[in-house]
Amino acid sequence: MQQQLNVQLTIHIPEDQVLISKVELEELHRSKLAGKYWTMKDLEAQTGRKSDWLQEKILYVPRFKQKLDARNGGFVYYPKGKGSPWAFQATKMAKFLDDNFHLIWGG
(Lines give C-alpha, C1' and ligand atoms only; values in the text may rest on other atoms or scores of the structure.)
Protein backbone atom coordinates (compact mmCIF):
# COMPACT_ATOMS: atom_id res chain seq x y z
CA MET A 1 0.00 0.00 0.00
CA GLN A 2 1.43 3.38 -1.03
CA GLN A 3 1.32 6.35 1.25
CA GLN A 4 0.42 9.72 -0.17
CA LEU A 5 1.22 13.12 1.18
CA ASN A 6 -0.55 16.25 0.00
CA VAL A 7 1.35 19.48 0.50
CA GLN A 8 0.36 23.05 -0.26
CA LEU A 9 3.27 25.32 -1.06
CA THR A 10 3.33 29.07 -1.66
CA ILE A 11 6.11 30.56 -3.73
CA HIS A 12 6.45 34.31 -3.88
CA ILE A 13 7.53 35.74 -7.23
CA PRO A 14 9.21 39.15 -7.01
CA GLU A 15 7.21 41.98 -8.58
CA ASP A 16 9.90 42.64 -11.20
CA GLN A 17 9.68 39.05 -12.53
CA VAL A 18 7.04 36.93 -14.24
CA LEU A 19 6.47 33.23 -14.66
CA ILE A 20 5.86 32.06 -18.25
CA SER A 21 5.78 28.72 -19.99
CA LYS A 22 8.74 27.39 -21.93
CA VAL A 23 6.70 27.63 -25.13
CA GLU A 24 6.05 31.33 -24.52
CA LEU A 25 9.74 31.93 -23.83
CA GLU A 26 10.74 30.24 -27.09
CA GLU A 27 8.16 32.32 -28.96
CA LEU A 28 9.59 35.49 -27.43
CA HIS A 29 13.08 34.52 -28.58
CA ARG A 30 11.81 33.85 -32.11
CA SER A 31 9.86 37.11 -32.27
CA LYS A 32 12.97 39.01 -31.13
CA LEU A 33 14.69 37.90 -34.35
CA ALA A 34 11.67 38.30 -36.64
CA GLY A 35 12.32 40.78 -39.43
CA LYS A 36 16.00 41.13 -38.47
CA TYR A 37 18.94 40.63 -40.75
CA TRP A 38 22.40 39.74 -39.51
CA THR A 39 25.68 40.87 -40.97
CA MET A 40 28.72 38.61 -40.87
CA LYS A 41 29.76 40.40 -37.66
CA ASP A 42 26.36 39.57 -36.13
CA LEU A 43 26.73 35.91 -37.13
CA GLU A 44 30.21 35.85 -35.61
CA ALA A 45 28.80 37.26 -32.37
CA GLN A 46 25.93 34.76 -32.31
CA THR A 47 28.15 31.73 -32.89
CA GLY A 48 31.39 32.81 -31.26
CA ARG A 49 33.21 31.82 -34.45
CA LYS A 50 35.19 33.91 -36.96
CA SER A 51 34.05 34.40 -40.54
CA ASP A 52 36.77 32.12 -41.93
CA TRP A 53 35.51 29.22 -39.79
CA LEU A 54 31.86 29.97 -40.64
CA GLN A 55 32.65 30.00 -44.35
CA GLU A 56 34.73 26.81 -44.22
CA LYS A 57 32.44 24.77 -41.95
CA ILE A 58 29.01 26.05 -43.00
CA LEU A 59 28.58 28.68 -45.69
CA TYR A 60 30.66 27.12 -48.47
CA VAL A 61 29.98 23.47 -47.63
CA PRO A 62 28.08 22.31 -50.76
CA ARG A 63 25.29 20.46 -48.92
CA PHE A 64 24.58 23.55 -46.80
CA LYS A 65 25.14 26.20 -49.48
CA GLN A 66 22.43 24.70 -51.68
CA LYS A 67 19.86 25.29 -48.90
CA LEU A 68 21.28 28.57 -47.65
CA ASP A 69 21.83 30.57 -50.85
CA ALA A 70 19.13 33.20 -51.48
CA ARG A 71 19.50 32.54 -55.20
CA ASN A 72 18.09 29.05 -54.51
CA GLY A 73 15.28 30.31 -52.24
CA GLY A 74 17.41 30.22 -49.08
CA PHE A 75 18.01 32.88 -46.46
CA VAL A 76 21.66 33.84 -46.94
CA TYR A 77 22.84 36.49 -49.36
CA TYR A 78 26.29 35.51 -50.61
CA PRO A 79 28.47 38.48 -51.56
CA LYS A 80 29.08 38.91 -55.26
CA GLY A 81 32.62 40.15 -54.77
CA LYS A 82 35.23 41.31 -52.30
CA GLY A 83 33.83 44.09 -50.13
CA SER A 84 30.22 43.13 -50.82
CA PRO A 85 28.36 42.41 -47.56
CA TRP A 86 26.85 39.15 -46.37
CA ALA A 87 23.21 39.17 -45.22
CA PHE A 88 21.46 36.51 -43.12
CA GLN A 89 17.76 36.28 -42.30
CA ALA A 90 18.16 36.01 -38.53
CA THR A 91 15.22 33.73 -37.62
CA LYS A 92 15.96 31.19 -40.32
CA MET A 93 19.74 31.24 -39.81
CA ALA A 94 19.32 30.72 -36.06
CA LYS A 95 17.00 27.76 -36.69
CA PHE A 96 19.39 26.32 -39.29
CA LEU A 97 22.29 26.49 -36.82
CA ASP A 98 20.24 24.77 -34.12
CA ASP A 99 18.83 22.09 -36.43
CA ASN A 100 22.18 21.28 -38.04
CA PHE A 101 24.47 21.42 -35.01
CA HIS A 102 25.22 17.70 -35.29
CA LEU A 103 26.19 18.03 -38.96
CA ILE A 104 28.27 21.17 -38.47
CA TRP A 105 30.21 19.87 -35.49
CA GLY A 106 29.95 16.15 -36.17
CA GLY A 107 31.53 16.36 -39.58
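Any value given below was found using the heavy atoms of this structure, including those in side chains, with hydrogens, waters and symmetry copies removed.
Closest heavy-atom contact between H102 and D99: CE1-O, 3.3 Å. When all heavy atoms of L59 and K65 are compared, the pair lying nearest together is O-CB, 3.5 Å. For the pair T39 and D42, the tightest heavy-atom approach, listed with the atom from each and the gap, is N-OD2, 2.8 Å. Summarising the geometry of S51 relative to E44, their closest heavy-atom pair is N-OE2, 2.7 Å, with the distance given to 0.1 Å.
By the rule that hydrophobic residues join a cluster once side-chain heavy atoms approach within less than 4.5 Å of another member, V23 and L19 end up as members of separate clusters. In the hydrophobic clustering of this structure, Y77 does not group with V61; members are Ile, Leu, Val, Met, Phe, Trp, Tyr whose side-chain heavy atoms approach within less than 4.5 Å, directly or through other members.
Within 6.0 Å of atom NZ in K57, 12 or fewer heavy atoms from other residues, nucleotides or ligands are found, so the atom counts as exposed in its surroundings. Enclosure of atom CD1 in I20 by more than 12 non-hydrogen atoms of other residues, nucleotides or ligands within 6.0 angstrom is indicated.
With rounding to the nearest 0.5 angstrom, the CG atom of L54 is 11.0 Å from the CD atom of Q46. How far NZ of K22 is from CD of E24: 13.5 Å, rounded to the nearest 0.5 Å. Distance OG1/T91 to NZ/K32: 13.0 Å, rounded to 0.5 Å. Taking CG of L68 as the reference point, atom CD of Q66 lies at 10.0 Å (rounded to 0.5 Å).
In this structure, W86 and L43 have side chains that are not in contact, with every pair of non-hydrogen atoms separated by 4.5 Å or more. Within the 4.5 Å cutoff, the side chain of K92 has heavy atoms near those of the Q89 side chain. Here the side chains of L33 and W38 are in contact, with some heavy-atom distance below 4.5 Å. Inter-residue side-chain proximity for L97 and I58 is flagged as met; some heavy-atom pair is nearer than 4.5 Å. Counting only heavy atoms from C-beta outward, the side chains of K67 and F75 never approach each other to under 4.5 Å.
In terms of modelled atom types and a separation under 3.5 Å, the side chain of D69 and the main chain of R71 share a donor-acceptor contact.
Taking the ring centroids of F96 and F64, they lie under the 6.0 Å cut-off. The aromatic ring centres of Y78 and Y60 sit less than 6.0 Å apart.
Ion pairing between a basic and an acidic side chain is recognised when a charged N comes within 4.0 Å of a carboxylate O; K50 and D52 show no such pairing.
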